[in-house]
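In what follows, a single structure is set out as structure tokens and then discussed.
As the structure is a computational prediction, the values presented were derived from the model and not from experiment.
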Amino acid sequence: MRVTLTIALSGLLATSPAYATTLDINVEVPKLNVAEYHRPYVAVWLEGADQKVAANLSVWYQQTSNSEGHGTKWLPDLRQWWRKSGRTLKVPVDGITGATPTVGKQKLRFAQGKAPLGDLPPGDYKLGIEAAREVGGRELVSIPFEWPAKAATSLSASGKTELGAIKLNVTP
């Protein structure tokens, strides 16, 4: 989306383009042919060049209690995300946390200037997606990208077990 801002300054007219960059992320939760299937816990976040979390985008986990306790008990199994940000995050977080969806492709969209991205400063970032599953494995997929995009950018990666195809589209 491209918007033009017109600003009047002391009788002078100045026009400059304003951009609303978006991140579109597709995450595939693959169907696994296993005897005991549990939906994975998944964390999606952005890391800056300093390897610190710049934004938590989405965290999927079991929302209700069962005989093994509440789902938040197992969030530390998302080891990389937990060490970088999860342990300081007070869940649930409106607009970020939710139940793990069923198998298939999940779509996420985030816009500059809106939560959880906010006013993300320009720079080099890395999209991190980590999944962990009870009686299953653990997997981390990352995709480096530049923010804001100067041109439409489409990047992809793929998990091997707990995650399927991951696609990242950055649109100015």
Side-chain angles (χ1 to χ4, degrees), residues 21-30 32 34 36-148 155-168 170:
T21 303
T22 59
L23 287 179
D24 289 299
I25 305 166
N26 293 323
V27 179
E28 183 180 14
V29 177
L32 302 175
V34 294
E36 187 178 342
Y37 178 79
H38 298 273
R39 290 183 186 181
Y41 281 33
V42 178
V44 181
W45 73 95
L46 297 181
E47 240 176 71
D50 60 0
Q51 298 183 351
K52 292 183 180 176
V53 172
N56 283 297
L57 301 178
S58 195
V59 180
W60 305 332
Y61 63 97
Q62 177 186 316
Q63 299 287 292
T64 58
S65 296
N66 64 19
S67 61
E68 296 176 351
H70 195 274
T72 56
K73 176 181 177 181
W74 308 106
L75 284 173
D77 285 354
L78 296 167
R79 291 179 183 165
Q80 293 300 313
W81 170 78
W82 184 257
R83 288 178 186 142
K84 291 176 182 276
S85 176
R87 63 178 150 201
T88 61
L89 194 65
K90 193 161 180 101
V91 294
V93 179
D94 190 33
I96 293 177
T97 57
T100 301
T102 59
V103 299
K105 295 178 182 173
Q106 309 305 320
K107 296 180 181 187
L108 302 168
R109 173 170 255 197
F110 305 97
Q112 182 178 16
K114 295 183 180 177
L117 286 182
D119 294 323
L120 191 66
D124 293 326
Y125 289 90
K126 183 169 53 173
L127 169 68
I129 301 176
E130 184 174 17
R133 191 171 50 85
E134 182 184 355
V135 193
R138 182 173 287 103
E139 188 163 35
L140 173 66
V141 174
S142 61
I143 302 174
F145 68 98
E146 186 180 343
W147 179 267
L155 304 162
S156 63
S158 186
K160 292 180 176 55
T161 55
E162 302 302 323
L163 292 167
I166 308 293
K167 293 184 181 172
L168 170 64
V170 186

When you measure from the side chain of [X] to the backbone of [Y], do you find a donor-acceptor pair of N or O atoms at a distance under 3.5 Å?
X	Y	value
Gln80	Leu140	no
Glu139	Lys160	yes
Arg39	Thr100	yes
Tyr41	Gly71	yes

With the side chain counted from C-beta on, respond yes when [X] and [Y] share a heavy-atom pair under 4.5 Å apart, and no when they do not.
X	Y	answer
Val29	Thr102	no
Leu75	Val59	yes
Val53	Leu46	no
Ile25	Lys107	no
Tyr61	Leu78	no
Ile129	Trp45	no

Distance-minimising heavy-atom pair for [X] and [Y]:
X	Y	answer
Pro76	Thr72	CD-O, 3.9 Å
Arg83	Arg87	O-NH2, 3.1 Å
Glu162	Arg138	CG-N, 4.0 Å
Leu117	Leu57	CD2-CD2, 3.9 Å
Gly48	Ala54	N-CB, 4.3 Å
Gly164	Pro30	N-CD, 3.6 Å

To the nearest 0.5 Å, how far apart are [atom1] in [X] and [atom2] in [Y]?
X	Y	atom1	atom2	value
Leu23	Thr21	CG	OG1	8.5 Å
Leu89	Ile96	CG	CD1	6.5 Å
Thr97	Gln63	OG1	CD	6.0 Å

The test is side-chain contact (heavy atoms from CB on, under 4.5 Å); show your working for Lys114 and Thr22 and say whether it passes.
CA-CA 10 Å; Lys114 295 183 180 177; Thr22 59; over 6 Å; no
Going by atom types only, do Trp60 and Ser58 share a side-chain donor-acceptor pair under 3.5 Å?
yes
Between the side chains of Asn56 and Trp81, is a donor N or O closer than 3.5 angstrom to an acceptor N or O?
yes
If you apply the rule side-chain contact (heavy atoms from CB on, under 4.5 Å), what do you find for Leu155 with Phe145, and how did you get there?
CA-CA 8 Å; Leu155 304 162; Phe145 68 98; 3.7 Å; yes
Begin with the C-alpha distance, continue with both residues' side-chain angles, and end with the deciding distance and a verdict on side-chain hydrogen bond (donor to acceptor under 3.5 Å, both in side chains) for Asp77 and Trp82.
CA-CA 8 Å; Asp77 285 354; Trp82 184 257; over 6 Å; no
Would Phe110 and Leu108 count as a side-chain contact (heavy atoms from CB on, under 4.5 Å) if you check the C-alpha gap in whole Å, the side-chain angles of each, and the deciding distance to 0.1 Å?
CA-CA 7 Å; Phe110 305 97; Leu108 302 168; 3.6 Å; yes
Decide if atom CG of Asp119 counts as having more than 12 heavy atoms of other residues, nucleotides or ligands within a radius under 6.0 Å.
no
So, Lys105 and Glu28, do they make that salt bridge, N to O below 4.0 Å?
no
Sidechain N-carboxylate O distance under 4.0 Å for Glu47, Lys84:
yes
Between Ile143 and Ile166, is a side-chain contact (heavy atoms from CB on, under 4.5 Å) present by the stated rule, with each step listed?
CA-CA 9 Å; Ile143 302 174; Ile166 308 293; 3.8 Å; yes
